[in-house]
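See structure below.
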Amino acid sequence: MQIETIKAYHVVQPFVDGPYRMSKGRVADCFDAVIVSITSDSGVTGWGEMAPLGNFYSAAFPAGARAGVPEIAPHLIGQNPCGLASIGRLMDTVFKGHPYVKSALDMACWDLAARAAGVPLVTLLGGKESDMAETYRVVTHGTLDQMAVLAKRIIAEGCRRLQVKVGGNVHDDIERVTTVASAVPKGTVIFCDANAGWTPYQARQFADATRGIDYTFEQPCTTLDENMSVRRMLDKPMVLDESVTSLGEMLEIHRRGAADGLTLKISRLGGVTQTRLIRDVAVDLGFMITVEDTGGAEIDTAAMAHLSLSTPAERRLHAIAFHEWVTVRTARNAPPVTGSHMGIPDGPGLGIDVDPSLLGEPFFEIGRT
């Protein structure tokens, strides 16, 4: 089997609930996605997607993905899409760094390989560990009233896991999480995610003032050294997200005992291949795992769901349904969401049925000549 054609589409995906707000004025109005299709000479097509959350969240930006995919794609024509490790090495050889650019291409190859084998992607990723993964929802940064109202609405809609955005003015954020915790039922799972917004001094202030609240601390500071200085005094679990950029960084987090859990983002790691590798090693090392991404709709959410449900249930923290965040559709047969749980679609590969008519004209296309 060989890669015959590659197409890339640009799809802007506005948020259902308006702007997504983090601390320090970081705001996004949409996911700005690149969607890739890869078709083999046998006529099988695989799909991949990546979307940075604005230009502020990761070392990735939408225009960079749109510029990078055409640089890599010509080198993949004629390659075996089922040779997933060799595809990854080839992309790293011809295009150094920039893992987010490679993510949709890598995902499309995994989808194609699973479709060609006639099995759901979860089978290639190690097998389905459970039928559904519990989801969380985000209480974005805002006023006390805004955050309390949003938290109550999320709970009323059946979700029992909240990620509360902090990382701004410490004293204001102490009030924010105290207000949210008071507004929701006892037993609600709360993660306080600073998105690397604090210095260790600020993070310790927050942790000390909120000792009476049951929550998991997520990525308080930027560097591993800074997070370790907070970890040493913390009496709560800690999850790292932005710090997990490679297998080497994950192993360093483990060596230093810097976290109890990890959030693995597919595009930050360069695609399904590296995410699966890091996930499997991290599980064996005893970490709790969340697999998600920086953004996307049905395609990316399906990949997250397959990776989540092939993670052992006892090591899985939660998942997120990004396709419910956006106002546009890109595929039918989306990952099913029932209450606060998400499953995987029926069918081979990602299981979704992408409708190219919903994507517009490709901004890039190449085929064998």
Side-chain angles (χ1 to χ4, degrees), residues 9-23 25-35 47 49-58 62 104 132-143 145-165 176 180 183-184 188-191 193 195 263 265-267 290-305 308 318-345 350 352-355 357-360:
Y9 303 82
H10 176 211
V11 181
V12 174
Q13 302 165 350
F15 294 138
V16 170
D17 292 327
Y20 181 91
R21 301 183 185 278
M22 293 163 53
S23 61
R26 294 174 286 180
V27 181
D29 297 315
C30 64
F31 291 138
D32 194 340
V34 168
I35 292 175
W47 292 90
E49 178 179 24
M50 71 78 56
L53 181 61
N55 292 328
F56 53 80
Y57 179 65
S58 289
M132 304 287 275
E134 192 165 13
T135 59
Y136 75 91
R137 290 176 61 183
V138 180
V139 180
T140 55
H141 216 250
T143 66
D145 287 344
Q146 288 170 336
M147 294 179 76
V149 167
L150 179 54
K152 288 178 180 179
R153 192 190 90 195
I154 291 170
I155 295 298
E157 292 171 354
C159 185
R160 294 293 180 266
R161 302 179 74 89
L162 304 178
Q163 184 192 75
V164 181
K165 291 298 183 183
R176 287 183 173 100
V180 169
V184 299
T188 300
V189 176
I190 297 174
F191 280 59
D193 184 10
N195 290 113
T263 299
K265 291 206 161 54
I266 299 171
S267 62
T290 298
V291 179
E292 55 181 59
D293 209 344
T294 54
E298 288 87 357
I299 299 167
D300 196 64
T301 302
M304 294 189 295
S308 292
H318 42 217
I320 193 164
F322 273 157
H323 64 299
E324 296 194 329
W325 286 33
V326 297
T327 62
V328 300
R329 302 272 68 84
T330 60
R332 295 177 293 273
N333 200 30
V337 177
T338 303
S340 62
H341 292 80
M342 180 170 66
I344 56 176
L350 291 171
I352 54 172
D353 299 317
V354 178
D355 185 348
S357 70
L358 300 174
L359 308 181

Taking the side chain as every heavy atom from C-beta outward, state whether P14 and V328 have any atom pair closer than 4.5 Å. yes
May I ask you to test the T301-M342 pair for a side-chain heavy-atom distance under 4.5 Å? yes
For the residue pair G343 and A305, what are the closest heavy atoms and their distance? O-CB, 3.6 Å
Mind checking whether F15 and W325 have parallel, tilted or perpendicular rings, split at 30° and 60°? perpendicular
Nearest heavy atoms of A51 and G296, plus distance in Å: CB-N, 3.9 Å
From E49 CD over to M304 CE, what is the distance, rounded to the nearest 0.5 angstrom? 8.5 Å
Using 0.5 Å steps for rounding, measure from the CD1 atom of I154 to the CG atom of L162. 5.5 Å
Hey, is the main chain of S267 close enough, under 3.5 Å, to the side chain of D293 for a donor-acceptor pair? yes
Closest non-hydrogen atom pair, V27 against P19: CG1-CB, 3.6 Å
Side-chain contact test, heavy atoms from C-beta onward, threshold under 4.5 Å: evaluate it for H141 versus Q146 and give yes or no. no
Residues S357, D355; criterion side-chain hydrogen bond (donor to acceptor under 3.5 Å, both in side chains); working and verdict: CA-CA 5 Å; S357 70; D355 185 348; 2.6 Å; yes
Once rounded to the nearest 0.5 Å, what's the spacing between atom CZ of R160 and atom CD of E134? 9.5 Å
Main-chain N/O of A334 paired to E298 side chain as donor or acceptor, under 3.5 Å: no
At what distance, to the nearest 0.5 angstrom, does CH2 of W47 lie from CG of L350? 11.0 Å
Within this structure, what is the CG-CG distance for the pair D145 and L150, rounded to the nearest 0.5 Å? 12.5 Å
Suppose we call two aromatic rings close when their centres sit under 6.0 Å apart. Are Y136 and F191 close by that rule? no
So, for Q13 and A33, which heavy atoms are closest and what is the spacing to 0.1 Å? NE2-CB, 3.5 Å
Sub-4.5 Å side-chain heavy-atom contact between I352 and P335: yes
Given the rule in the side-chain hydrogen bond (donor to acceptor under 3.5 Å, both in side chains) test, do D32 and H10 qualify, once you have shown the distances and angles that lead to the verdict? CA-CA 7 Å; D32 194 340; H10 176 211; 2.5 Å; yes
My understanding is that only one of Q163, E292, H341, R161 makes a side chain to side chain donor-acceptor pair (under 3.5 Å) with H318; could you say which? R161
Evaluate the criterion side-chain contact (heavy atoms from CB on, under 4.5 Å) for residue pair V337 and H323; output intermediate values, then yes/no. CA-CA 10 Å; V337 177; H323 64 299; 3.9 Å; yes
Return yes if some donor-acceptor pair links the side-chain N/O of R26 with the main-chain N/O of Y20 below 3.5 Å, else return no. no
Check whether any side-chain heavy atom of V138 lies under 4.5 Å from a side-chain heavy atom of K165, and answer yes or no. yes
In Å and rounded to the nearest 0.5 Å, what is the CZ to OG1 distance from F322 to T135? 12.0 Å
Kindly indicate whether the side chain of L359, heavy atoms from C-beta on, has any atom under 4.5 Å from the side chain of V354. yes
